[in-house]
K.L.:
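Shown below is the structure under consideration.
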Amino acid sequence: MIFSPPAPGRPGRIVVRQPDDWHVHLRDGVGMRNAAAATARAFARALVMPNLRPPVTTTAAAQAYRGRILAALPASTSFVPLMTLYLTDDTSPAEISAARASGIVLAVKYYPAGATTNSASGVTRIGHVYSALAAMEAHGMVLSVHGEVTDADVDIFDRERVFVDTVLARLVRDFPALKVVLEHISTEEAAAFVLAAGPHVAATITPQHLLYARNALLAGGIRPHLYCLPILKRERHRQALLRAATSGDPKFFLGTDSAPHARQMKESDCGCAGCFSGHAAVELYVEAFEAAGALDRFEAFGNAFGADFYGVPRNVGTITLASQEWMVPASYPFGDESVIPLRAGEAMRWKLIDGQEPGK
Ligand code: NCD
Ligand code: ZN
């Protein structure tokens, strides 16, 4: 990273090697163009989640989805979508082998059935997917985990912790060589589990979990656009996640979980889970790292650790950000509708000034 402090008439700048987003929802259909353009603006590659309707359960479906994403971007784009398969009770070891052989599928996503948006086809009992997990372990394929139990009697703020203590602990014990990413961690306990586990267990951390605690969601009025799963937790968890992200430990890396929903799907009497951060993801992370006094740790978090874990080369290009205030628009287009972004109508401290502008 190169940091140039502000000088008279010129804002401060940082130049960092281009990051990847190791967890994003680009959706399908008309909104996909907007979601993909936002991500391709700053990131070289992104691991695209498979929770479409119907879910991406086969390599053939992942190939087709990858083609639709690329077709929605300008032909000149250098952005690379990396694909995932959606694990179901019926995923066969043969499908895992086919996914591995395709070269385009990097991970298999485990949603406990009913845990989050479009997870109805997910895994009903971990025992049902043991043959698929054994195949993944044998092929060195990554399991991306949505780590929340779904039991109605477990409090929503405890669902990640209980998942870690029960399901994840068992999974890591039964498949000691399986590469596992605990996605979008939201608790001190999850960070501690990942840190204590072997080198094949890692975690992604989102900008919203680094910047906001649950008071931002619930105190002084309910903010549906800050509602995501896992739900934001107490301030002490946010502090623990900031420590993990800025620790320089390669187990923790960038994954935005940018998950756009049309405005009316969020502002409803039963609103969807998911925050849209793609419009300013890098800027939001840089702000969080700067506030923690760890700007110099951002580059490896975004560029190195995820690539190393997934076994792909690190990006060598760079992006440039200026310490230049700008206002996030109140909304962005999302297909025929609109999406309310993180920080809507509020100021940002950093601005990407040299990335892959959509349409460039
Ligand atoms: C995601 C979505 O909308 O697809 N929502 C969310 O709250 N994070 C699904 C997910 O990653 O859980
Ligand atoms: Zn997600």
Side-chain angles (χ1 to χ4, degrees), residues 20-29 31-32 34-36 38-39 43 46-56 65 69 81-87 106-123 142-150 156-157 159-160 163 181-187 190 203-212 214 216-218 222-233 241 253-268 270-278 281 284 306 334-335 337 339-342:
D20 299 309
D21 183 350
W22 291 101
H23 183 130
V24 74
H25 301 268
L26 297 184
R27 309 308 193 201
D28 207 353
M32 178 174 62
N34 307 105
T39 294
F43 295 104
L47 189 67
V48 183
M49 293 297 124
N51 61 333
L52 305 181
R53 260 175 300 182
V56 180
Y65 183 30
I69 294 166
L82 305 168
M83 308 312 290
T84 57
L85 282 196
Y86 186 116
L87 187 64
L106 261 73
V108 177
K109 182 67 189 280
Y110 165 26
Y111 290 105
T116 185
T117 305
N118 296 349
S119 61
S121 313
V123 176
V142 173
L143 181 72
S144 303
V145 178
H146 184 108
E148 291 191 286
V149 295
T150 55
I156 185 166
F157 290 99
R159 287 182 175 191
E160 182 178 272
F163 182 93
V181 180
L182 187 57
E183 301 292 341
H184 41 54
I185 56 170
S186 66
T187 57
T204 54
I205 308 183
T206 77
Q208 65 267 24
H209 290 101
L210 291 176
L211 289 166
Y212 300 106
R214 67 191 195 182
L217 170 70
L218 293 169
I222 188 160
R223 316 278 168 154
H225 301 289
L226 272 181
Y227 173 61
C228 68
L229 289 172
I231 196 164
L232 298 174
K233 307 294 192 302
L241 298 172
F253 50 83
L254 191 160
T256 61
D257 194 22
S258 181
H261 290 275
R263 174 181 194 153
Q264 62 275 19
M265 300 300 287
K266 301 275 299 171
E267 296 176 10
S268 142
C270 185
C272 293
C275 296
F276 176 56
S277 61
L284 290 160
F334 184 52
E337 303 171 297
V339 57
I340 310 296
L342 223 58

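Atom set for the values below is all heavy atoms of this structure, side chains included, hydrogens, waters and symmetry mates excluded. Both counts, for ligands and for their atoms, begin at 1 and track the order of listing.
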K.L.:
Is His146 in polar range of ligand 1, meaning some N or O pair under 3.5 Å apart?
P.N.:
yes
K.L.:
Considering only N, O or S atoms, which atom of Asp257 is nearest to the Zn ion (ligand 2)?
P.N.:
OD1
K.L.:
Within the structure provided, determine whether Thr206 and Ser277 are in side-chain contact (heavy-atom separation under 4.5 Å).
P.N.:
no
K.L.:
Looking only at heavy atoms of Met265, does any of them come nearer than 4.0 Å to an atom of ligand 1?
P.N.:
no
K.L.:
So Lys233 and Ser186, side-chain hydrogen bond (donor to acceptor under 3.5 Å, both in side chains) or not? Walk me through it.
P.N.:
CA-CA 7 Å; Lys233 307 294 192 302; Ser186 66; 2.8 Å; yes
K.L.:
Considering only the protein, which heavy-atom contact is closest to atom 8 (N) of ligand 1, and what is its distance?
P.N.:
Asp257 OD2, 2.6 Å
K.L.:
For His23, take its heavy atoms, then give the atoms of ligand 1 lying under 4.0 Å from any of them.
P.N.:
11 (O)
K.L.:
So if I count the atoms of ligand 1 from 1 in the order they appear, which ones are less than 4.0 Å from some heavy atom of His261?
P.N.:
3 (O)
K.L.:
Are the side chains of Tyr111 and Met49 in touch, meaning some heavy atoms are under 4.5 Å apart?
P.N.:
yes
K.L.:
If you check every N/O/S atom of His25, which is the one nearest the Zn ion (ligand 2)?
P.N.:
NE2
K.L.:
Less than 4.5 Å apart, any side-chain heavy atom of Val142 and any of Leu106?
P.N.:
no
K.L.:
Ignoring hydrogens and angles, tell me if any N or O in the side chain of Glu160 forms a donor-acceptor pair with the backbone of Thr187 under 3.5 Å.
P.N.:
yes
K.L.:
Does any N, O or S atom in Glu183 come within less than 2.8 Å of the Zn ion (ligand 2)?
P.N.:
no
K.L.:
Test of understanding: given a 4.0 Å heavy-atom threshold, classify the contact between Gln208 and ligand 1 as side chain, backbone, both, or neither.
P.N.:
neither
K.L.:
Tell me whether the Zn ion (ligand 2) has His23 as a neighbour, meaning an N, O or S atom of it below 2.8 Å.
P.N.:
yes
K.L.:
Counting only heavy atoms, which portion of Met49 has something under 4.0 Å from ligand 1: side chain, backbone, both, or neither?
P.N.:
neither
K.L.:
Side chains of Thr117 and His261: does their closest heavy-atom pair fall under 4.5 Å?
P.N.:
yes
K.L.:
From atom 4 (O) of ligand 1, work out which of Val24, Thr116, Leu229, Asn51 has a heavy atom at the shortest distance.
P.N.:
Asn51
K.L.:
How about CZ on Arg263, more than 12 heavy atoms from neighbouring residues, nucleotides or ligands closer than 6.0 Å, or not?
P.N.:
no
K.L.:
Using a strict 4.0 Å cut-off to heavy atoms of Cys228, name the atoms of ligand 1 that fall inside it.
P.N.:
7 (O)
K.L.:
Got an N/O contact under 3.5 Å between Thr117 and ligand 1?
P.N.:
yes
K.L.:
If we only count heavy atoms from C-beta on, is the Leu229 to His146 side-chain gap below 4.5 Å?
P.N.:
yes
K.L.:
Give me the residue, atom name and distance of the protein heavy atom closest to atom 1 (C) of ligand 1.
P.N.:
His25 NE2, 3.7 Å
K.L.:
Report, in ascending order of atom number, the atoms of ligand 1 lying under 4.0 Å from any heavy atom of Ala259.
P.N.:
1 (C), 2 (C), 3 (O)
K.L.:
Working to the nearest 0.5 Å, report the span between OH of Tyr110 and OG1 of Thr84.
P.N.:
16.0 Å
K.L.:
Using a cut-off of 6.0 Å, state whether more than 12 heavy atoms not belonging to Ile156 lie near its atom CD1.
P.N.:
yes
K.L.:
Within this structure, what is the NE2-CD1 distance for the pair His209 and Ile231, rounded to the nearest 0.5 Å?
P.N.:
8.5 Å
K.L.:
Do any N/O atoms on Ala273 end up under 3.5 angstrom from N/O atoms on ligand 1?
P.N.:
yes
